[in-house]
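All heavy atoms count here, side chains included; hydrogens, waters and symmetry mates do not. All chains are named by letter (A, B, ...) in the order of the sequence lines, taking the proteins before the strands, and each is independently numbered beginning at 1. Note that the structure is a prediction, hence the values are computed from the model and not measured.
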Number of protein chains: 2
Amino acid sequence: MNLLLDTIARYVTLTPEEQERVVSATEFQSYKAKRILLKEGEICLHSYFVIKGILRSYTIDENGAEHVVSFASPGWWIADMYSYLSQRPGQLYIETNEDSEVIMLSKENQERLYDEVPKMERFFRILIENSLVANQQRLIDNLSFTAEARYDKFTKKHPDLIHCLPQKQIASYIGVTPEFFSKMKARLLKK
Amino acid sequence: MNLLLDTIARYVTLTPEEQERVVSATEFQSYKAKRILLKEGEICLHSYFVIKGILRSYTIDENGAEHVVSFASPGWWIADMYSYLSQRPGQLYIETNEDSEVIMLSKENQERLYDEVPKMERFFRILIENSLVANQQRLIDNLSFTAEARYDKFTKKHPDLIHCLPQKQIASYIGVTPEFFSKMKARLLKK
DNA sequence: GAATACACTTAACCTAGATTAAGAAATAAA
DNA sequence: TTTATTTCTTAATCTAGGTTAAGTGTATTC
């Protein structure tokens with residue numbers, strides 16, 4: 001449970017009472033591997049802060065192809081932001097990759113927290129700023145780099161994830177098919 | 001000058017004194033068409049709220065190709081978010097498309113505003129949430145849709161912009177070359 | 001521990017979109 | 001009004017990455 005408070009402490013300083021309010025606004029939960037927490041068309045009622053394991057979010061397009069939107073390892077949040085913020089049906093799936101533990105925060109409780117503990121509004125503001133920057137960078141990378149360069153960037157940025165994710169998920173994240181990814185990897189080994 | 005206060009009023013309610021603080025934290029500026037406000041390698045000192053005209057942000061990749069990251073028409077903000085938030089050299093250019101008027105807000109003044117007028121922290125939090133959602137959607141669209149579908153979405157989402165942007169900028173925004181864009185448009189006309 | 005499903009590889013062939021090049025239209029500049 | 005500069009179009013050719021298909025691990029299930 002401390003991972004959350006430690007993460008918050010990196011951005012804002014909470015009093016013990018404020019920490020208590022944060023804790024009581026959240027809910028602990030653990031899930032088996034391959035458990036789907038959210039499906040397309042559902043409303044994303046919680047955002048998840050990962051304590052243990054790995055979650056991922058993805059869409060399935062009209063041809064049935066899966067596109068990974070994000071991975072979340074311990075210390076990171078995951079949600080269908082559109083659906084969570086608007087409380088309307090979204091397009092994302094959220095699924096555990098392995099046995100996982102999360103802390104759940106509902107939209108209501110988050111809004112209540114903003115009023116009770118204004119520092120939490122700052123905390124989340126900064127978190128979202130960081131997501132926005134990362135996301136924008138990923139967009140730029142997709143527009144201007146080759147698949148090989150994107151893979152290279154991914155391995156450097158997430159050296160830990162490389163080993164515990166199935167290749168097809170990495171392929172999907174960088175935006176290529178598993179077949180092409182496999183071919184590309186073989187090509188890279190020859191160098 | 002009222003466009004800014006009106007926009008803010010859509011999300012939070014400010015007292016007259018708070019409005020005054022907002023106004024005095026900002027600075028008005030007008031620019032001729034094709035004026036570059038920010039270059040790659042520079043620090044983005046301000047974020048710009050557009051009153052009149054159109055601005056755009058873009059990167060230039062290693063092959064010299066331009067990639068439009070965003071357009072801003074009246075009522076919208078634009079900045080190199082990475083550089084603005086971190087106050088480090090960024091990779092984006094920001095340029096006026098036409099004669100334009102903007103309201104400028106520096107990072108310092110924005111942070112001061114957060115403390116003086118906490119509602120402004122909420123305002124910007126919501127704004128950034130919206131950007132994040134839009135940006136994530138654009139990423140998904142790039143991964144799962146064809147260029148034609150992305151163009152179609154763009155025309156529906158920004159019917160106003162279609163007519164006042166050079167085609168090559170629209171092509172760049174949706175992620176294709178001007179030549180392919182031209183071919184695609186001709187193809188669409190035949191239907 | 002056989003059976004089934006799933007992840008990964010390889011290879012032949014295919015296509016959306018890129019590149020190159022050259023001309024036509026439109027803007028701007030002089 | 002002419003000249004330059006930039007934008008847009010068209011067409012031929014090329015390529016990064018997709019598709020299809022078949023085969024080889026490797027988990028998972030019963």
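- C/dG17 atom C1' lies 17 Å from atom OH of B/Y151, rounded to whole Å.
- In this structure, CD of A/Q169 is placed 8 Å from P of C/dA7, rounded to the nearest angstrom.
- Looking at which nucleotide of DNA chain C each of A/K34 and B/T146 is closest to, the 5′-most match is held by A/K34.
- The distance from atom CG of B/N97 to atom P of D/dT7 is 11 Å, rounded to the nearest whole Å.
- B/R112 and B/N109 form a side-chain donor-acceptor contact under 3.5 Å, judged by distance and modelled atom types alone.
- The main-chain N or O of B/L92 is never found under 3.5 Å from a side-chain atom of B/T59 such that the two would form a donor-acceptor pair.
- The interatomic distance linking A/Q167 (CD) with D/dT26 (P) rounds to 12 Å, in whole Å.
- Taking only side-chain atoms of B/K168, from C-beta outward, the nucleotide of D/dT7, C/dA7, D/dT9 with the closest atom is D/dT7.
- Here the C1' atom of nucleotide D/dA16 and the CZ atom of A/R187 are 8 Å apart, to the nearest Å.
- Separating the CD1 atom of A/I174 from the C1' atom of D/dA16 is a distance of 13 Å, rounded to the nearest angstrom.
- Distance, A/E179 CD to D/dG17 C1': 11 Å, rounded to whole Å.
- Here D/dT7 presents its P atom at 21 Å from CZ of B/F180, a figure rounded to the nearest Å.
- Comparing atom distances between the A/T177 side chain and each of C/dT10, D/dA16, D/dT19 picks out D/dT19 as nearest.
- Atom-to-atom distance recorded for A/H46:NE2 and A/I103:CD1 is 12.5 Å, nearest 0.5 angstrom.
- In the set D/dA16, C/dG17, C/dT10, C/dG17 carries the atom at the smallest distance from any side-chain atom of B/K183.
- Heavy-atom distances to DNA chain D give each of A/R150 and B/P178 a nearest nucleotide, and the one nearer the 5′ end belongs to B/P178.
- A/Q29 and A/Y48 form no side-chain donor-acceptor contact under 3.5 Å, judged by distance and modelled atom types alone.
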